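What follows is a short report on a single structure.
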Amino acid sequence: MGGSLPYGCFCAVPARPGEDAPGDPFGGSGRMGPVSAPAPAGPFAALPPQVDLPAMEKQILQRWEADKVFARSLEASAGKPQWVFYEGPPTANGRPGTHHIEARAFKDVFPRFKTMQGWHVPRRAGWDCHGLPVEIAVEQELGFAGKPDIERYGIAEFNARCRESVERHVDSFAELTRRMGYWVDMSTAYWTMDPAYIESVWWSLKQIFDKGLLVEDHRVAPYCPRCGTGLSDHEVAQGYETLTDPSVYVRLPVTSGEWAGKADLLIWTTTPWTLPSNTAVAVHPDVTYVVARTDAGTFVVAEPLVTAVLGEDVEILARTSGRDWERVHYQRPFELVEFPEGDAHYVVLADYVTTDDGTGLVHQSPAFGAEDLAVCRGYGLPVVNPIDPTGHFLPELPLVGGHFFKAADAALVEDLQSRGVLFRELRYEHSYPHCWRCHTPLMYYAQPSWYIRTSAIKDRLLAENEKTHWHPENIQWGRYGDWLNNNVDWALSRDRYWGTPLPIWRNDADPSKLIAVGSLAELSELTGRDLAGLDPHRPFIDDVTFTRPGEEGTYRRVRQVIDAWYDSGSMPFAQWGAPHRNKEKFEASYPAQFICEAIDQTRGWFYTLMAVGTLVFDESSYENVLCLGHILAEDGRKMSKHLGNILEPIPLMDRHGADAVRWFMLAGGSPWSARRVGHETLSEVVRKVLLTYWNTASFFTLYADTNGWDPASTPAPARAERPLLDRWALATLAAVTEDVTTALEDFDTQGAGRLLAGFVDDLSNWYVRRSRRRFWDGDPAALATLHEVLDGLTRLMAPFTPFVTDEVWTRAVLPGLGGDAPDSVHLASWPAVDEDARDDELVAQVTLVRRLVELGRSARTSAKVRTRQPLARAVVAAPGWASLPAELIAEVADELNVLDMAELSGADGALVDVSLKVDFRAVGRRLGKQVQAVAKAVAAADAAELTAAYRAGTATVQVDGAPVPLEDGDLIVTETPREGWTVASGGGLTVALDLALTPELERAGLVREVVRLIQEARKSSGLEVSDRIELWWTAEDEQIRRALTEHESQLAAEVLATAVHPDSEGPDPRSATVPEALGGRAARVDGLPGLRMSIARTGGSLAGR
RNA sequence: GGGCCUGUAGCUCAGAUGGUUAGAGCGCAUCCCUGAUAAGGAUGAGGCCGGAGGUUCAAGUCCUCCCAGGCCCA
């Protein structure tokens, strides 16, 4: 090669096709050099590098609908094994929020994944229609204050409004569902208000009734006075709010026995409104109580609480067990309420009394406490209730008549105070149950209710839970297991209107005679009328009565409707109308393989689904359950109107794209924990993942198009014959395919997302960047490799980001596949792991290469030598270097722009410092606690000597006077050159660069600088990548002149110059002299001192571009 | 009061089976690279990995207790 200089990658690149015989581009005549012929048209059209993702998504939505892609994906899998998914119906009340996208993204991604894997995954939407939330919304619309308003308005009309409200809200859910690309069949959606659905629910209730598990009972239960209905425990569970109540200590003078007139019982309560109905005071039989004298009086309190309640300054007058106080009478706190004839207001014994707080004496008001009721019943005490079902004190009461129960506290406390029976009042902050819908504080209130005896099947529920796969696992025996273990009977009935009517008819002559009805057909039989067309809702069903031959009395329906949670828990069979209809379909799809909701459903749908399934079929209805954390606003708080931090879902998707929002939900942070969603986070997803992926596809199509590449006519070399980088990309794809599949099988979208994002980054920023020149050249191996990788990657990403992947599929993948390939990625199969492509060694080697490149760049930075300046050589110390293929070593040299690479350990020992460190993992595993002594000995040893011995395999260190041999892998050797080099090392690797510059190297660097300037000018003046140019230059600096002259052919090749005109000013782009023939495009290029250049497009040389 | 979750850089979060220089992104500063990219890379500032004990040759990682926040329940 004579005196010519090597240039690293710069000149190592072969000339482009058509330019390997450049003729005489230096003639100064300006005549055009040869150019390549226009490429034949291939099947690919270039995708634009810029893309408006939300706009693209809308087009794709239209295409999916026009081409019926979802329906075809179901048809295509018909007859294959079923993977059953149950849609938990959203309550069709209120508009959907951004958090609804979360669960719906998960409900979409796994069915898509399983479908691609070859399962048949029917997906049927559902809407939860009944319940208090709907009633409340309608009440608000109508300006109602409570049940009397509804009764006046008419139940039929009211329920019609409820139905209309549900239909209205379903539309907005449907819109969200469509926009986010959640594939679920809404045309066959189940509605819990449909008569067929209700009949199924009835059927199941009849099964439960027949088993004796559906019973009426009078119990104290949480009750919302505003809504006028009892709440089930899982409803109460949703409504705790913190509030501050008065907490009062009240003195009740003893009126019988030894201490009559001499001491006061001291009680403590946070519900002063229950004091007017005080009926008794409970003490624990086995706790010691004392009579204690203080300045304020003489009191009876539990001994462990004396100091806490009365202070240090007390005199104990007596000490006795709680048992001894039984039936001692006292003066009740208020005389407001009439008590029936008979004994009351004395001390009773109860085991549930504790000495954790209060006084150890517990005020009893049986109408308002479940335990109070049980205890007082035991003594035959009356149940006195001065509060009406709307939560107000009866109007005729003095002092508090007509007051709302909680609002009466102040007046009652004041009255106690004025009479001197208030011992102490404190503000007490605690969480208190509120109505989860209207936020009214609940009362515990004695009322008749229908219950399902779930506590009777608790063991069965625990056993079913044992079989269930929970994600995350800790829910199973944590939050959910606790709930099951503390199971109480399901308070099923509601004294409301818009709900599934409880299908029980009672004989009005003998209330013990009950009939449960399982269908309209049964009801028709009982009444002798055809009721098949009856709307089973109230009030129509209430009018249906019947008599039975030989029985007195008429059967009338009990008035209650049921908890809407029971409706949704019945969906496995009720969605089919089973067993009255579609019995086989139901049986074929029970239980479900997969359900998913947010964590608030633990005691909601997750429970009711399992409970109904176990009650009716003795088997839970789901196998795998995903339990998601909540989505929070950017400020880390719940989104709420009140805080003004709401992100509306549709505008959010219209701004960033549904794919971005989906990706965030699936892979941004752990799905199990609460996550903050915001614009910043989403635009990062767009930039880092979606656009990088898109641009890789766009890059591919650009060169597939430019080169007219057609895999059918341009066979690529066999994979094993392709360049290492191609094989690396394919090997990485194979590994990623396997790992992503494993992650999704385990419902781990976060892990899968991390793998995919990492691969997208590797592909774009290593494979494509390193391979660009081969794409410019239309190398079939490179094009085929990238096409194959995009194919696999697009399939892997399709369940996550269904929009952009389908666009890439149809435009960058499909044109290169055979004729029978599906026209949507969502009809394609899940990729199999290409075992032949697997090459873990190569993957590890490329990882090493990239580490070395990083270190080399770091070394350049610290020496302030820019990358465009070629350097003579780099030396490397790295385990595994020796076995690195020359092709990969060339990669490092190219990236670092060095002409030569050598191994440091081969260098002269005098130039190198060595340091040694023990690999603790290796040595620790073998030698255990000796490892520290070995490390010390290694540090103390002469590093050079020990290294030599270590490399020879004979290294030994002395520990406690005994020799310990070191094995291969025990030490990490770090070598560092001493002088005249710039060095970077880390993780046992070292890269050193020779900084000595020769004039030749400097000139090579200058040329590269010039190339960059021209490329920038090409880009900024709007030239296409394949446009050819002419170049004019003048330079004052001798080095630059010489550099440009010396390297003219390389320069011309790099910038696609068909002609170079030294010492010539060229056309002035600002003047009118730029010939039309040059396409009107010309640009000045300024940069290096004293160098002036102009470029202009070579006229008429290329068709089209 | 009980159960569960969380606590790692200014912010958002990674950190299998314990292994000795704790990482990434965003933001900031200074550079570099760029024929696809809204990208990419390097360097710097920024960490008693919530705290205290313990187990271990070795703890961000395992155990116990405590603190703070969140959720769920009494």
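Remember, predicted model here, so these are calculated numbers, not experimental data. Chain naming here is simple, since letters A, B, ... match the order of the sequence lines and numbering starts at 1 in each.
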request  = Using atom OH of Tyr767(A) as one end and atom C1' of A39(B) as the other, report the distance to the nearest whole Å.
outcome  =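 Distance, rounded to whole Å: 19 Å.
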request  = Rounded off to whole Å, could you give me the CG-to-C1' distance for the Leu691(A) and G40(B) pair?
outcome  =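 In whole Å, G40(B) C1' lies 14 Å from Leu691(A) CG.
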Pairwise [atom1] distance, [M] and [N] [rounded to whole Å]:
N      : M      : atom1 : result
A59(B) : A68(B) : C1'   : 23 Å
U43(B) : G25(B) : P     : 11 Å
U17(B) : C62(B) : P     : 7 Å
G19(B) : A74(B) : C1'   : 45 Å

Minimum-distance nucleotide (side-chain atoms of [X] versus [options]):
X         : options                : result
Thr696(A) : A36(B), A14(B), A39(B) : A36(B)
Val931(A) : G19(B), G15(B), G25(B) : G19(B)
Asn695(A) : A14(B), U34(B), U37(B) : U37(B)

Q. With a 6.0 Å cut-off on ring centres, are Tyr607(A) and Trp483(A) close enough?
A.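 When the ring centroids of Tyr607(A) and Trp483(A) are compared, they turn out to be within the sub-6.0 Å range.
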* Is the centre of the Phe775(A) ring less than 6.0 Å from the centre of the Phe699(A) ring? ->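 Between Phe699(A) and Phe775(A), which both carry aromatic rings, the centre distance is below 6.0 Å.
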Residue mapping more 5' on RNA chain B - nearest nucleotide basis, Gln869(A) or Phe920(A):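 That would be Phe920(A).
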Task: Closest-nucleotide ordering on RNA chain B, the 5'-leading residue of Asp761(A) and Arg769(A) - done: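 On the 5' side of the pair lies Arg769(A).
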task: Verify the distance criterion only: is there a donor paired with an acceptor across the side chains of Asn707(A) and Trp776(A) at less than 3.5 Å?
output: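 Asn707(A) vs Trp776(A): no donor-acceptor pair found between side chains.
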So, Ser764(A) and Tyr693(A): side-chain donor and acceptor under 3.5 Å apart, yes or no?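 No, because no side-chain N or O of Ser764(A) sits under 3.5 Å from a partner of the opposite role on Tyr693(A).
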Any side-chain N or O of Lys688(A) below 4.0 angstrom from OP1/OP2 of C26(B)?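 The answer is yes; a side-chain N or O of Lys688(A) sits under 4.0 Å from OP1 or OP2.
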Taking only the side-chain nitrogens and oxygens of Arg921(A), find out if one of them lies under 4.0 Å from OP1 or OP2 of G19(B).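 Indeed, a polar side-chain atom of Arg921(A) lies that close.
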**Q.** Residues Arg926(A), Glu967(A): salt bridge by 4.0 Å N-O rule
**A.**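 Yes, Arg926(A) and Glu967(A) are salt-bridged.
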**Prompt:** What nucleic acid atoms does Val918(A) come within less than 4.0 Å of, heavy atoms only: base, sugar-phosphate, or nothing?
**Reply:**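 Nothing: the residue Val918(A), judged by heavy atoms under 4.0 Å, touches no strand.
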Checklist entry - Heavy atoms under 4.0 Å, any strand shown: does Val51(A) hit a base, just sugar-phosphate, or nothing? => result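 Val51(A): base contact, heavy atoms under 4.0 Å.
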Taking pairing as Watson-Crick or G-U wobble with both contacts under 3.5 Å, can you name the mate of [N], or confirm there isn't one?
N      : answer
G60(B) : none
U17(B) : none
U55(B) : none
A9(B)  : none
C4(B)  : G70(B)
C28(B) : G44(B)

* Asked: Side chain of Ser764(A), base of A36(B): donor and acceptor closer than 3.5 Å?
  ->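 Answer yes: a donor N or O sits under 3.5 Å from an acceptor.
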Looking at Arg479(A) and C71(B), is any side-chain donor or acceptor paired with a base atom of the opposite kind under 3.5 Å?
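When only heavy-atom distances are counted, Arg479(A) does reach the base of C71(B) through a donor-acceptor pair under 3.5 Å.
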**Request:** Quick one: pull up CG in Asp705(A) and CZ in Phe700(A) and give me the separation to the nearest 0.5 Å.
**Result:**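 Result: 10.5 Å between the selected atoms.
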